[in-house]
Amino acid sequence: MNGRPIRLTVLGATGSIGRSTLSLVDLHRERFELVALVAGSDAAALAELARRYRPQLAVLADSSRLAELRERLAGTGVATGAGETAVREAAAAPADRVVAAIVGAAGLLPTLEAVRQGTVVALANKECLVCAGQAFVEEARRHGSRILPVDSEHSAIFQCLLAGRRDDLERIVLTASGGPFRSWDLARMARATPEQALAHPRWKMGAKITVDSATLVNKGLEIIEAHHLFGLPEERIEVLVHPQSVVHGLAVFCDGSLLAQLAEPDMRAPLSFALSFPDSRLPSGVGPLDLARIGRLDFEEPDPRRFPGLAHAREALRRGGAAAAVLNAANEVAVRAFLERRIGFLDIARLIGRLLAHPLADAPLSSIEDALAVDREARLVAEAELRHLDAASSTREPPSPC
Ligand code: NAD
Ligand code: MG
């Protein structure tokens with residue numbers, strides 16, 4: 001690494017990944033210079049971060065909050081902006097590394113903007129790969145942008161692959177914590193509340209990905225993400241439930257060797273790797289694992305009956321075209337409806353299944369524009385389908401006291 005600080009932009013700065021990123025900046029203030037901090041609508045939170053980290057630019061997606069942001073940053077010298085165009089301009093501002101951590105398909109265009117500058121992108125926003133997969137990867141290739149995975153499983157596998165020849169690789173294994181409902185039966189899962197789904201046993205994350213972890217749809221999205229990042233077909237991407245969440249991913253080689261990466265379940269570890277690679281690793285504040293304390297590592301196959309979201313994702317990946325974008329949009333609509341208590345927990349996978357059966361899932365998809373159009377259309381269809389689920393669902397009763 002040369003002496004110049006790394007010019008860093010954080011998309012989704014006020015979120016869980018954004019804040020973990022900034023905690024790494026705290027540890028290495030001299031290494032980083034903040035270019036832009038971008039968030040959705042929380043002007044107070046963004047202004048507080050901007051006062052502390054002094055980026056050149058602080059931008060909100062929600063333009064109705066611009067006046068508040070301006071007022072809160074008056075006199076600081078931090079330029080402000082708001083709205084979709086301002087977010088994209090912030091993502092395109094010259095930087096050495098962009099952390100892409102906006103949640104959902106809303107992150108696609110801003111992340112793409114960074115990719116089109118040829119910037120190194122530390123990618124947390126898996127939904128943009130699920131939604132626009134091939135087209136996104138091709139844009140990155142065309143513009144010479146390197147995508148470094150932040151998702152802990154993909155970071156693990158990326159690191160394992162550095163230690164072996166690609167031709168010798170047989171398959172990869174993504175681990176899953178199993179979420180809060182790992183040992184619940186279906187009847188109990190049907191009554192699960194948002195509070196229960198949000199009580200993740202291992203990871204502290206934003207609400208959407210926490211619900212995705214409870215349904216295991218997150219692991220389904222990660223299978224699709226891994227396919228695009230590592231160029232492997234669906235059948236060479238395995239999933240194992242591993243409740244301790246310390247083995248994050250494995251690479252299986254042709255001589256029977258398995259290489260694994262282990263670390264505490266703390267996103268600062270994969271983030272610091274994505275901020276420093278290929279230079280020396282950065283201390284992340286994450287201590288080394290105490291294996292004697294952990295004592296044992298368990299692994300089990302995921303249960304397809306209770307977690308159908310995984311099979312849905314595999315199906316979407318095999319079908320290709322618009323199927324994965326449809327799955328992602330259906331999931332975003334369903335998770336929001338579940339958090340708003342409009343549908344039950346099991347309805348999330350049900351809605352995804354219904355959308356995959358819709359003709360839209362068979363549409364071809366060959367460009368970013370196609371992906372955006374499919375995403376928009378699928379959200380409308382999903383909202384309409386929600387009404388059928390509403391009528392059919394008997395799962396929104398309050399949970400029984402036992
Ligand atoms: P979060 O909900 O905590 O944060 C989301 C961030 O995105 C916030 O800063 C929010 O203001 C911003 N945002 C939302 N909509 C926006 C928009 N339209 N334009 C600009 N900004 C917008 O979510 P998170 O847990 O930090 O997750 C972020 C992404 O990282 C997701 O794609 C998630 O799947 C992925 N990821 C997260 C973790 C984790 O541990 N949290 C792990 C792996 C991957
Ligand atoms: Mg993950």
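Both counts, for ligands and for their atoms, begin at 1 and track the order of listing.
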Looking only at protein heavy atoms, which one is nearest to atom 29 (C) of ligand 1, and what is the separation?
I102 O, 3.8 Å
At what distance is the nearest protein heavy atom to atom 35 (C) of ligand 1, and which residue and atom is it?
A124 O, 3.1 Å
Is D347 salt-bridged to R342, cutoff N-O under 4.0 Å?
no
Which atoms of ligand 1 are found less than 4.0 Å from any heavy atom of A13?
9 (O)
Counting only nitrogen or oxygen atoms and a 3.5 angstrom limit, does E127 reach ligand 1?
yes
Closest approach to the Mg ion (ligand 2) by E153, given as the N, O or S atom name:
OE1
Quick test of your reading of the structure: of N125, I17, L11, whose heavy atom lies closest to atom 37 (C) of ligand 1?
I17
Under 4.0 Å, heavy-atom basis, I'd like to know which part of M267 is in contact with ligand 1: side chain, backbone, both or neither.
side chain
Whether E315 and R318 form a salt bridge (side-chain N of Lys/Arg under 4.0 Å from carboxylate O of Asp/Glu) is what I want to check.
no
What do you reckon, does A101 put a non-hydrogen atom under 4.0 Å from ligand 1?
yes
Is it true that the side chains of N328 and D375 contain a donor and an acceptor less than 3.5 Å apart?
no
Which atoms of ligand 1 sit under 4.0 Å from any heavy atom of T14?
8 (C), 9 (O), 10 (C), 11 (O)
Relative to the heavy atoms of A61, which atoms of ligand 1 are at a distance of less than 4.0 Å?
17 (C), 18 (N), 19 (N), 20 (C)
Under 4.0 Å between a Lys/Arg side-chain N and an Asp/Glu carboxylate O for R141 and E138?
no
Please work out, at 4.0 Å between heavy atoms, whether the side chain, the backbone, both, or neither of V103 comes within that distance of ligand 1.
both
Going by distance only, is there an N or O of G206 that falls short of 3.5 Å from an N or O of ligand 1?
yes
Are R281 and Q159 close enough, and set up right, to give a side-chain hydrogen bond (donor to acceptor under 3.5 Å, both in side chains), and what steps lead you there?
CA-CA 12 Å; R281 285 176 186 253; Q159 294 177 58; 2.8 Å; yes
I'd like to know if R341 pairs up with E195 as an ion pair, taking the criterion as any Lys NZ or Arg NE/NH1/NH2 lying under 4.0 Å from an Asp or Glu carboxylate oxygen.
yes
Mark up the atoms of ligand 1 that fall under 4.0 Å of a heavy atom belonging to K126, in ascending order.
32 (O), 34 (O), 44 (C)
Short side-chain to backbone donor-acceptor contact, H248 and L262, under 3.5 Å:
no
So H242 and F299, would you call those rings parallel, tilted or perpendicular, with 30° and 60° as cut-offs?
parallel
What atom name does the N, O or S atom of E222 nearest to the Mg ion (ligand 2) carry?
OE2
With the Mg ion (ligand 2) as the point of reference, which N/O/S atom of D151 is the closest?
OD1
Out of curiosity, is V87 lining ligand 1, as in a heavy atom under 4.0 Å away?
no
Using side-chain heavy atoms (C-beta onward) and a distance below 4.5 Å, is E300 in contact with R182?
yes
Identity and separation of the nearest protein heavy atom to atom 36 (N) of ligand 1
I209 CD1, 3.6 Å
Using heavy atoms and a 4.0 Å limit, tell me yes or no: is D42 in contact with ligand 1?
no
Applying a heavy-atom cut-off of 4.0 Å, say which part of A106 lies close to ligand 1: side chain, backbone, both or neither.
side chain
Identify whether the distance between the nearest side-chain nitrogen and carboxylate oxygen of E48 and R19 falls below 4.0 Å.
no
Can you tell me how the ring of H154 sits relative to the ring of F230, calling it parallel under 30°, perpendicular over 60° and tilted otherwise?
parallel
Would the number of heavy atoms belonging to other residues, nucleotides or ligands and lying under 6.0 Å from CZ of R165 be above 12?
no
Please list, in number order, the atoms of ligand 1 under 4.0 Å from a heavy atom of G40.
10 (C), 11 (O), 12 (C), 13 (N), 16 (C), 21 (N), 22 (C)
Please determine whether the number of non-hydrogen atoms from other residues, nucleotides or ligands lying under 6.0 Å from atom CD of E71 exceeds 12.
no
Atom indices of ligand 1, in the order listed, that fall short of 4.0 Å to a heavy atom of D151:
43 (C), 44 (C)
Are any of the side-chain nitrogens in R72 or E68 under 4.0 Å away from the carboxylate oxygens of its partner?
yes
Students should be able to answer this: which protein heavy-atom is nearest to atom 3 (O) of ligand 1, and at what distance?
S16 N, 2.9 Å
Would G15 count as a polar contact of ligand 1, with the cut-off being nitrogen or oxygen pairs under 3.5 Å?
yes
For M205, counting its heavy atoms only, list the atoms of ligand 1 lying under 4.0 Å from any of them.
25 (O), 39 (C), 40 (O), 41 (N)
Report yes if K204 has an N/O atom closer than 3.5 Å to an N/O atom of ligand 1; otherwise report no.
no
Look only at the side chain of Q117 and the backbone of E113, and say whether a donor-acceptor pair between them is shorter than 3.5 Å.
yes
